[in-house]
Each structure stands twice: as C-alpha cells, then as structure tokens.
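Here is the structure we will look at, set down as structure tokens.
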Amino acid sequence: MNKKMSLLMFSGDYDKALAALILANSAKEMDIDVTIFFAFWGLLLLREPHHMTTEDKSNYEKMFAMMTPKGPDDLPLSKMNFSGIGKKMLLEMMKDDEAPELIDFLNGARKKGVNFFGCKLSMEIMGFKKEELIPEVKVVTAQDYIKDALASDIQLFI
Amino acid sequence: MNKKMSLLMFSGDYDKALAALILANSAKEMDIDVTIFFAFWGLLLLREPHHMTTEDKSNYEKMFAMMTPKGPDDLPLSKMNFSGIGKKMLLEMMKDDEAPELIDFLNGARKKGVNFFGCKLSMEIMGFKKEELIPEVKVVTAQDYIKDALASDIQLFI
Amino acid sequence: MNKKMSLLMFSGDYDKALAALILANSAKEMDIDVTIFFAFWGLLLLREPHHMTTEDKSNYEKMFAMMTPKGPDDLPLSKMNFSGIGKKMLLEMMKDDEAPELIDFLNGARKKGVNFFGCKLSMEIMGFKKEELIPEVKVVTAQDYIKDALASDIQLFI
C-alpha cells in the first residue's frame with residue numbers, strides 16, 4: 001500500500017502555497033498519496049476568477065469576496081510583500097531559474113491526482129460556493145480531514 | 001486504546017486558534033485524545049482577563065502583559081485584521097451562519113477534556129503566572145511536549 | 001533504534017526559529033534524532049554574515065541578499081516586532097530569566113549533531129550559495145526531505 005501525506009492548508013500566502021504544492025508534487029512523483037485540506041485563507045488558492053458569483057451571498061460575503069485574492073496568482077507573500085514589490089522580485093528570481101510558478105505547481109498537482117478537500121465550515125462562513133472553486137474540490141468536514149490525517153504517514157499544518 | 005492528536009499552539013491569532021480548537025473539538029467527538037501545548041503567543045489564548053496580576057513582575061513583563069491580547073476575544077486575525085475591522089467582518093459572517101465563536105470552542109474543549117499544556121519556559125519569559133491562565137492548564141517543559149507528541153498519531157504546529 | 005523528529009523550517013521569524021531550536025535541542029537531549037529542513041525564509045537563519053558574496057548573483061539576488069536578515073540575530077519577530085522594539089523587549093525579558101538567545105540554541109543544535117538540510121530549490125531561487133551558510137548544511141531536494149520525514153515519528157511545519 002502506498003504511503004500517504006496529508007497537508008492542512010490554512011494560509012493564503014503565495015510562498016506557503018508554493019511550499020505546499022512543491023511537497024505535493026514531489027510526493028506524488030514518489031508514489032505517495034497526497035491529500036490537501038484547504039481551510040480558511042487556504043481556500044483562496046482554489047478560487048477560479050472567472051467563476052465568481054454574488055448569488056445567495058450576504059453583503060459581508062460579497063465584500064469579503066471582493067477584498068480577498070481571486071486565485072493563485074493574486075496571493076500575497078507571507079513576508080516582504082511590500083504591496084507586491086517583494087512578490088514581483090521573487091517571481092523574477094524564480095523566472096531566472098526557470099522555476100515553475102504557483103499556478104504550474106497547482107495544475108501539476110491536479111494532473112497528478114492530488115486529493116483536494118475544501119473545508120465545509122470555512123466555505124459556509126466565507127460564503128464560497130463549490131462552483132466558485134476548481135472542480136476537483138470535494139467539500140468535507142473537519143472530521144473527514146481528521147480521519148484522512150490519521151491514515152497518513154506525514155501530516156503538516158501550513 | 002484511543003487514537004491521539006497533539007497540537008502545538010504557537011500562534012496568537014484568532015483565526016488560527018479557531019482552526020486549532022475546531023480540530024480539537026471534532027477529534028474529541030470522535031473519541032480521539034487531544035493535547036494542546038500552548039507556547040509563546042499561543043499562551044495569550046489562555047489568559048483570564050479578570051485574573052491579571054502585576055505581582056512579582058518586572059517592568060518589561062508588566063508592559064508586555066498590557067500590550068498583548070487579554071484572552072480569546074481579544075486576539076487579532078493573522079490576515080486582513082485591518083485594526084480589527086476585518087475581524088469584525090469575520091465575526092459577523094460567522095454569526096450569520098450561526099457558527100460558534102472562539103470562546104465557545106474553547107469552552108467546548110475544556111468541557112470535553114482536552115489536555116491543556118502550558119510551556120514553562122514561555123511562561124517564565126513572558127512573566128505569566130499559572131493563576132493568570134485558565135485553571136485546566138498544566139505547566140510542562142518542551143520535553144514533556146515531545147514525549148506526548150511521540151505517543152500521538154497526528155502532530156501539528158499551528 | 002532512536003526515535004526521530006523532522007522539522008520543516010519555512011519561517012524566517014526569530015520567535016519561530018527559537019521554538020524550532022528549543023524543540024531540536026530538547027529532543028537531542030532525549031536521544032531523539034533530529035533533522036531540520038530549511039526552506040524559503042528559513043534559510044535566513046543559516047546565513048553567516050561574514051561569508052556573504054555577490055559572485056555569480058543576478059541583480060535581483062544581490063538586492064534580495066541585502067534586504068533580508070543576515071543571520072539569526074537579525075531575524076524579526078512574527079508578531080509585535082514594531083520595527084525591532086518588540087523584539088528588544090522580548091530579548092530583555094529572556095535575559096532577565098537567563099534564557100539563552102537564538103544563537104545559543106543554534107550553536108547547541110550544531111554541537112548536539114542535529115542534521116541541517118538546506119532546500120536546493122529555495123537556495124537556487126534566492127541565490128544563496130552553500131558557502132554563505134553554516135558549514136553543517138547539506139543541500140537536498142524536497143524528495144530527500146519527504147524520505148526523511150516518512151522515517152520520522154514527529155513532523156512539524158514551522
């Protein structure tokens with residue numbers, strides 16, 4: 001039976017998402033099963049900018065949807081973001097080394113069959129509908145996450 | 001024998017504390033034993049505002065006690081806090097969904113028998129006395145935490 | 001066979017580095033093997049200020065090297081840094097309790113034989129050369145980290 005890695009993606013930072021998805025892609029290449037449970041700010045990584053809707057949303061939820069990053073390219077850095085200048089610098093440095101961008105690692109993880117779990121409670125609170133997120137997302141509870149994490153050999157909170 | 005989850009609560013953010021306590025409550029409902037080791041900023045979550053004392057404290061410790069959040073309700077968000085406006089917005093969104101607040105999850109964890117460990121070294125450095133924290137807290141060393149984490153099936157640093 | 005702890009040090013904050021190195025030192029005193037994998041901002045902790053070079057660096061990499069902390073003493077706090085005032089306060093409080101500083105815990109970890117892994121991809125992107133970091137660092141890939149983490153009893157992302 002394959003080994004298994006479980007990541008809880010809480011953060012909505014570009015650099016932390018990069019770390020999580022590099023780990024996820026690397027693990028899949030080693031035939032390790034990977035689940036990422038996206039909760040709170042982590043959900044922002046899964047938004048599809050062209051699938052945004054205001055239907056069935058409270059005013060707070062609409063405002064929240066507008067004020068928060070609209071998907072992977074829009075996420076800030078956890079450090080040295082400097083209103084985007086630090087992030088631009090990091091992206092240039094990544095380009096110089098021909099390192100893939102966050103969106104490439106995200107698409108790699110989707111192709112390689114990483115399990116994408118979305119936290120039900122977070123989605124309800126933030127007002128995100130399933131159809132606003134990438135289609136691979138399976139909406140699950142915290143208990144579903146815990147069950148999956150218990151069956152894993154590596155668990156990280158990112 | 002029950003499965004076991006060990007959380008190291010380092011952060012003093014409202015949203016991260018919410019994540020930790022939702023996990024703790026969910027796990028206890030699944031008959032999983034839970035220990036949370038509160039270190040550094042995580043200790044702020046355990047303060048009882050009406051139990052503050054200045055006795056036996058250095059000037060730095062008194063200043064620190066005044067400048068830091070006075071308990072769960074007082075914690076800021078890790079993102080988008082905007083001097084409290086972002087947090088107010090999140091709280092309104094939680095209320096709209098009838099989601100319990102942080103204090104409710106904390107009280108739930110206390111009632112369900114989560115083990116509350118407080119980091120001895122952090123308490124000494126920050127100048128927090130045992131009687132300033134909720135009574136369930138057991139003061140332990142980093143080695144006690146490690147022993148407990150080694151016996152756990154899930155370990156997360158939050 | 002010894003138990004084993006694996007830390008992924010992503011953050012470049014003084015307080016989080018302190019937490020990681022206190023855990024590492026405590027574990028080694030309990031005869032637990034410890035590996036710390038330094039990635040992204042975590043690498044800043046391993047810089048040797050007097051070993052900086054601008055050779056073979058792009059302009060972005062030179063700028064990045066100048067703008068970022070030059071080693072353990074230079075790291076900011078994750079919270080309440082207040083342009084260094086909060087950190088000064090924490091350091092004074094640590095001194096009052098005769099608690100060792102970050103650099104002492106780092107040197108302790110080096111003496112006790114903690115394994116220092118540096119993330120190859122992060123080093124390439126940020127432009128850090130092996131000789132700019134402490135000599136114990138072994139440069140490895142994300143897959144090497146995962147292999148080591150799979151063989152560990154505790155894994156934390158800090």
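Throughout, a chain's letter reflects where its sequence line sits, starting with A, and its residues are numbered from 1.
Neither the backbone nor the side chain of B/Leu91 comes within contact range of chain A, judged by heavy atoms closer than 4.5 Å. When heavy atoms are compared at a cutoff of 4.5 Å, B/Met93 approaches chain A by way of both its backbone and its side chain. Residue contact with chain B, scored on non-hydrogen atoms closer than 4.5 Å, involves the backbone and the side chain of A/Ala149 alike. When heavy atoms are compared at a cutoff of 4.5 Å, B/Ala27 approaches chain A by way of both its backbone and its side chain. Heavy atoms of B/Leu7 lying under 4.5 Å from chain A are absent altogether.
Separation of atoms CD1 (A/Ile146) and CD1 (B/Ile22) is listed at 10.5 Å; rounding is to 0.5 Å. Atom CD1 of B/Ile154 and atom CG of A/Leu156 lie 12.0 Å apart (nearest 0.5 Å).
Residues that satisfy the ring-ring contact (aromatic ring centres under 6.0 Å, His included) test with A/Phe157, not counting sequence neighbours, are A/Phe10. A search for ring-ring contact (aromatic ring centres under 6.0 Å, His included) contacts involving B/Phe38 returns B/Phe116, not counting sequence neighbours.
Contacts with chain A were tallied for B/Met30, B/Met5, B/Met94; B/Met30 has the most, counting heavy-atom pairs under 4.5 Å.
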Can you check whether chain B and chain A share any donor-acceptor pairs under 3.5 Å, and give the atom names and distances if they do?
{"from": "A/Asp13", "atom 1": "OD1", "to": "B/Lys79", "atom 2": "NZ", "distance (Å)": "2.7"}
{"from": "A/Asp13", "atom 1": "OD2", "to": "B/Lys79", "atom 2": "NZ", "distance (Å)": "3.3"}
{"from": "A/Trp41", "atom 1": "NE1", "to": "B/Asp15", "atom 2": "OD2", "distance (Å)": "2.7"}
{"from": "A/Gln143", "atom 1": "NE2", "to": "B/Ser26", "atom 2": "O", "distance (Å)": "3.1"}
{"from": "A/Gln143", "atom 1": "NE2", "to": "B/Glu29", "atom 2": "OE1", "distance (Å)": "3.3"}
{"from": "A/Gln155", "atom 1": "NE2", "to": "B/Asp153", "atom 2": "O", "distance (Å)": "3.0"}

Open item on the list: Determine whether B/Ile158 and A/Leu8 satisfy the following criterion, side chain to side chain contact (heavy atoms under 4.5 Å, CB included), listing intermediate values before the conclusion.
Closed with: CA-CA 10 Å; B/Ile158 301 186; A/Leu8 195 170; over 6 Å; no
